Amino acid sequence: MLWYAPDSAYGRPEDLKNLIDEAHLRGLMVFLDVVYNHFGPEGNFLGRYAPSFFTDAQTPWGSTIDYRVPQVRAFAIENALSWLRDYRFDGLRLDAVNHILAEPGEISMLHDLSRAAGELAAETGRHIHLVLENGDNRASLLDAVQDPPRGKYRAQWNDDYHHAWHVF
């Protein structure tokens, strides 16, 4: 629910920043798993005081976020940029993006998020990696060679492989 707050398991925000800096000193990249398709059914009271944040549609985990609302879209994109800029994560893995709704013909929030991350990468000279978990396996969202990304994503999390290993 608190998109801008690191989990307490990482300590204070400064502790998480130090962890990432130490990983970078050792040549390691750090990605953050982010969930922009829902807030979840438990502990989510946002719909009570900001009902326009959501559509009537449901994901398996709660109400669908309404990215047609410009302020809602900006909130999510700025959140992604905050993790990349302020904490210096090297990339983001976006959870279950096939549950992020877009109207036919509409530029999706995913496109706008990728463009914003690409602009940040160009401004900072950093390589920023965006990875999708996409249950629909839509290859049209991917362009691994575009640097920086401008509306596309570098890679897709292979959730089918992940599920096969769980069964195995």
Side-chain angles (χ1 to χ4, degrees), residues 1-55 57-67 69 71-101 108-121 123-124 126-135 141 148-149 153-163 165-166:
M1 170 62 191
L2 301 174
W3 278 2
Y4 283 84
D7 188 87
S8 62
Y10 295 111
R12 299 168 311 170
E14 296 77 27
D15 297 328
L16 179 56
K17 290 175 185 180
N18 288 336
L19 172 70
I20 294 168
D21 288 342
E22 289 296 323
H24 288 162
L25 288 173
R26 289 159 176 79
L28 298 172
M29 295 176 119
V30 183
F31 285 50
L32 181 65
D33 192 58
V34 293
V35 179
Y36 294 129
N37 57 38
H38 72 282
F39 277 93
E42 295 178 21
N44 176 17
F45 300 104
L46 186 58
R48 291 187 182 171
Y49 58 88
S52 63
F53 221 92
F54 302 98
T55 71
Q58 294 289 310
T59 73
W61 314 280
S63 298
T64 301
I65 298 170
D66 193 351
Y67 288 116
V69 177
Q71 296 85 352
V72 173
R73 185 179 291 227
F75 181 76
I77 291 169
E78 181 53 38
N79 176 256
L81 295 177
S82 173
W83 293 116
L84 296 166
R85 178 188 59 240
D86 302 338
Y87 287 85
R88 297 174 300 280
F89 278 97
D90 299 289
L92 303 173
R93 177 206 170 266
L94 286 82
D95 182 74
V97 299
N98 49 300
H99 291 283
I100 295 175
L101 298 182
S108 76
M109 187 281 288
L110 295 171
H111 178 85
D112 286 350
L113 191 156
S114 175
R115 289 184 65 84
E119 291 169 10
L120 179 63
E123 290 170 16
T124 61
R126 294 173 49 212
H127 291 283
I128 293 176
H129 304 278
L130 300 174
V131 179
L132 300 175
E133 177 197 356
N134 177 12
L141 296 173
Y153 288 76
R154 294 195 186 283
Q156 180 167 297
W157 174 265
N158 187 341
D159 214 38
D160 295 330
Y161 182 81
H162 169 248
H163 289 294
W165 270 102
H166 277 284

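Note that this is a predicted model, so its numbers are computed, not measured.
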For this session: Give, for atom OG1 of T124 and atom CZ of R88, the distance between the pair rounded to the nearest 0.5 Å.
Result: 11.5 Å
For this session: Would you please say whether a donor-acceptor pair under 3.5 Å links the side chains of Y67 and D112?
Result: no
Seminar exercise, completed: Closest non-hydrogen contact found for V30 with A23 is CG2-CB, 3.6 Å
For this session: Rounded to the nearest 0.5 Å, what's the gap from OG on S114 to CD1 on I77? Could you check?
Result: 10.0 Å
Exercise. At what distance, to the nearest 0.5 angstrom, does CG of L110 lie from CD1 of I100?
Worked result: 4.5 Å
Problem set entry | P6 versus P13, closest heavy-atom pair with distance | CG-CA, 4.2 Å
Exercise. Looking only at heavy atoms, which two atoms of V69 and S52 are closest? And how far apart?
Worked result: CG2-O, 3.6 Å
For this session: Identify the heavy atoms of L84 and A117 that sit nearest to each other, and give their distance.
Result: CD1-CB, 4.2 Å
For this session: Tell me, please, which residues at least two apart from R26 pass salt bridge (charged side-chain N to carboxylate O under 4.0 Å, His left out).
Result: E22
Exercise. Does some side-chain heavy atom of I65 sit less than 4.5 Å from a side-chain heavy atom of F54?
Worked result: yes
Problem set entry | Qualifying residue, where the test is side chain to side chain donor-acceptor pair (under 3.5 Å) with D90 and the options are H127, R126, H24, H129 | H24
Exercise. Donor-acceptor pair, N37 side chain versus V97 backbone, under 3.5 Å?
Worked result: no
For this session: May I ask you to test the H99-P60 pair for a side-chain heavy-atom distance under 4.5 Å?
Result: yes
For this session: Could I get the full list of ring pair (Phe, Tyr, Trp, His ring centres under 6.0 Å) partners for Y87, not counting sequence neighbours?
Result: W83
Problem set entry | CG on L81 to CG on L113, rounded to 0.5 Å | 7.0 Å
Exercise. Okay, side chain of Q156, backbone of L132: is any donor-acceptor separation there less than 3.5 Å?
Worked result: no
Problem set entry | Polar side-chain atom of T59 near backbone of H38 as donor-acceptor pair, under 3.5 Å | no
For this session: Using a strict 4.0 Å threshold on nitrogen-to-oxygen distance, state whether R12 and D15 make a salt bridge.
Result: yes
Problem set entry | Test side-chain contact (heavy atoms from CB on, under 4.5 Å) applied to Y10 - qualifying residues, sequence neighbours left out | D7, L16, L19
Problem set entry | S63 and Q58: side chain donor to acceptor below 3.5 Å | yes
For this session: Check whether any side-chain heavy atom of V35 sits under 4.5 Å from a side-chain heavy atom of W61, and report yes or no.
Result: no
For this session: Could you walk me through whether F75 and Y4 pass the ring-ring contact (aromatic ring centres under 6.0 Å, His included) test, one step at a time?
Result: CA-CA 10 Å; F75 181 76; Y4 283 84; 5.5 Å; yes
For this session: Measure up the F39 and F53 rings against each other and bin them: parallel (under 30°), tilted (30 to 60°), perpendicular (over 60°).
Result: perpendicular
